[in-house]
Visitor: 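Below: one structure in structure tokens.
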Amino acid sequence: MALIAAPAVAAAPDSSPRPGGLKLFRDWIVACDNGRACESASLATQDSALQDVGLIVARDGAGRVTVRVRDMTGRAKTASVRVDGRTVASTTLDRDGEGMWQGAPATALVAAIGRGRRAAILTPTSHGVSLNGAAAALRYMDDRQKRAGTTTALIARGSARHRGTVPALPLVHVVTPPRGAASVPATAIAEARRRYGCVVDDGSPFSADAHRLDRRSTLVLMSCGAGAYNYLVKPLIWRDGRLTPASFDFAYHFGETPDPGQPEILVNVTWSPAGRLSSWGKGRGLGDCGDAQTFGWDGSRFRLLEAARMTECRGAIDTLTVWRTRVEPVAPR
């Protein structure tokens with residue numbers, strides 16, 4: 001089951017972030033970010049199905065290859081990948097069921113996946129992993145990373161030297177929140193509930209958590225309904241005695257695009273003392289698909305710092321990164 005073919009994004013100037021898209025190749029899916037790092041995840045062969053164990057092949061902009069494996073049952077202690085009847089790589093798993101290969105073992109495993117016909121992950125129970133689309137996905141990574149036809153390609157290998165450079169990640173100044181409790185008048189909260197359509201009766205508790213952003217601004221995370229696995233929040237800014245919608249340089253919309261003057265909707269929100277606002281909109285309760293976003297306050301608006309997505313609800317072991325930044329903390333003004 002596909003979530004969204006193309007993201008709807010918040011209106012923003014031309015300098016706004018442009019996260020990468022995901023591209024599906026049968027039972028594998030690929031994403032590349034703005035730093036020319038790419039990841040490809042294995043998927044279940046049927047819509048809405050799950051994988052007990054899955055893989056993610058990653059290569060960063062500098063060419064370092066990593067393969068991640070994860071046992072979703074949480075019971076396995078080791079994992080071995082067998083391709084066309086031959087065991088290619090083995091690793092121990094941590095308490096979260098995750099393991100990793102890097103360097104030469106990872107490169108050898110990726111080469112086997114790219115030319116293989118059948119694969120399984122042994123934990124020691126055998127779990128089939130479809131290779132349909134794997135070679136095409138890896139070839140797409142070669143192309144997006146400008147390595148096709150070079151000696152560093154995963155699949156589309158040639159004799160040319162790779163002369164590309166890694167794009168610099170955008171630098172974002174993020175205000176470090178001041179210490180101290182934040183407070184917003186209850187009358188302002190009640191009026192904002194009415195104005196922004198958050199007087200709902202779906203059985204979910206109401207909250208309006210307040211967090212200081214700088215010396216003049218306070219973030220208010222006003223709850224605005226809930227579903228079975230998504231808790232909705234509208235972010236507002238309390239400043240100079242007024243509550244107004246928080247501004248974002250980019251945000252994946254949850255549902256329909258907000259009307260002019262209405263706040264964005266964030267989902268399953270967390271706020272950290274370091275000033276990170278995170279949203280995780282699940283595509284379904286199992287959490288194997290959806291949009292993950294992390295923002296930081298620059299003094300006037302929230303800036304997208306990181307984003308990861310999974311548009312296919314087919315048991316991927318993680319989301320794929322589509323946007324990254326470099327963050328420089330600044331003192332509150």
Side-chain angles (χ1 to χ4, degrees), residues 1-3 22-32 38-59 65-142 154-156 282-290 308-321:
M1 176 178 67
L3 281 176
L22 277 69
K23 190 170 180 63
L24 180 65
F25 296 91
R26 300 179 70 180
D27 299 330
W28 286 72
I29 191 167
V30 185
C32 296
C38 296
E39 299 174 300
S40 182
S42 65
L43 300 171
T45 57
Q46 297 178 350
D47 285 352
S48 301
L50 294 174
Q51 297 181 111
D52 287 336
V53 189
L55 298 171
I56 289 181
V57 174
R59 182 171 56 186
V65 178
T66 301
V67 181
R68 293 167 53 198
V69 61
R70 185 178 180 188
D71 167 53
M72 306 300 285
T73 70
R75 297 189 296 267
K77 304 299 182 184
T78 63
S80 298
V81 181
R82 181 173 293 176
V83 179
D84 293 337
R86 182 174 67 91
T87 299
V88 181
S90 299
T91 186
T92 56
L93 304 180
D94 62 21
R95 64 179 59 188
D96 295 320
E98 298 186 14
M100 180 185 298
W101 297 275
Q102 296 176 306
T107 301
L109 176 53
V110 172
I113 290 172
R115 62 173 178 262
R117 295 186 176 183
R118 297 184 182 85
I121 301 175
L122 282 64
T123 62
T125 303
S126 180
H127 307 273
V129 176
S130 173
L131 296 184
N132 292 331
L138 298 174
R139 190 177 296 275
Y140 178 79
M141 288 174 60
D142 284 337
L154 297 173
I155 294 293
K282 297 180 182 181
R284 61 176 177 172
L286 295 169
D288 61 334
C289 49
R309 307 191 82 198
M310 178 50 61
T311 52
E312 295 290 317
C313 299
R314 293 168 56 189
I317 64 172
D318 205 349
T319 54
L320 303 182
T321 301

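Residue numbers count from 1 along this sequence.
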Visitor: Restricting to side-chain contact (heavy atoms from CB on, under 4.5 Å), what partner residues turn up for Ser40, sequence neighbours left out?
Guide: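 Ser40 satisfies side-chain contact (heavy atoms from CB on, under 4.5 Å) with Trp28, Val30, Ala137, Met141 once adjacent residues are dropped.
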
Visitor: How far does CZ of Arg59 sit from OG1 of Thr66, to the nearest 0.5 angstrom?
Guide: 11.5 Å

Visitor: Return the set of residues passing salt bridge (charged side-chain N to carboxylate O under 4.0 Å, His left out) with Asp27 (not counting sequence neighbours), or none when no residue passes.
Guide: Arg314

Visitor: Filter on salt bridge (charged side-chain N to carboxylate O under 4.0 Å, His left out), then keep only pairs touching residues 67-78, sequence neighbours left out; what's left?
Guide: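 Qualifying pairs, neighbours excluded: Arg68-Asp318, Arg70-Glu98.
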
Visitor: Could you tell me whether the side chain of Arg309 reaches within less than 4.5 Å of the side chain of Thr319, counting heavy atoms only?
Guide: no

Visitor: Quick one: list whatever passes side-chain hydrogen bond (donor to acceptor under 3.5 Å, both in side chains) with Thr91, sequence neighbours left out.
Guide: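 Once residues adjacent in sequence are excluded, Thr91 has no partner under the side-chain hydrogen bond (donor to acceptor under 3.5 Å, both in side chains) criterion.
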
Visitor: Between the side chain of Asn132 and the main-chain N/O of Arg26, is any donor-acceptor distance below 3.5 Å?
Guide: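 Pair absent, no side-chain N/O of Asn132 close to backbone of Arg26.
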
Visitor: If you round to the nearest 0.5 Å, how far is CG of Asp288 from CG of Leu43?
Guide: 9.5 Å

Visitor: Kindly write out the residues that satisfy side-chain hydrogen bond (donor to acceptor under 3.5 Å, both in side chains) with Glu39, not counting sequence neighbours, or none if the list is empty.
Guide: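 None.
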
Visitor: Does any N or O in the side chain of Gln51 come within less than 3.5 Å of the main-chain N or O of Ser42, such that one atom is a donor and the other an acceptor?
Guide: yes

Visitor: With sequence neighbours left out, what residues match Ser90 under side-chain hydrogen bond (donor to acceptor under 3.5 Å, both in side chains)?
Guide: Ser80

Visitor: Has the side chain of Arg284 got a donor or acceptor atom that lies under 3.5 Å from a matching backbone atom of Cys313?
Guide: yes

Visitor: Quick one: side chains of residues 103-125, donor-acceptor pairs under 3.5 Å with protein atoms, not counting sequence neighbours, listed by atom name and distance.
Guide:
{"from": "Thr107", "atom 1": "OG1", "to": "Gly103", "atom 2": "O", "distance (Å)": "3.2"}
{"from": "Thr123", "atom 1": "OG1", "to": "Thr125", "atom 2": "O", "distance (Å)": "3.4"}
{"from": "Thr123", "atom 1": "OG1", "to": "His127", "atom 2": "NE2", "distance (Å)": "3.0"}

Visitor: Between Leu22 and Glu312, is any pair of side-chain heavy atoms under 4.5 Å apart?
Guide: no

Visitor: Measure the shortest side-chain to side-chain distance between Trp101 and Val69 over non-hydrogen atoms and say whether it is less than 4.5 angstrom.
Guide: yes

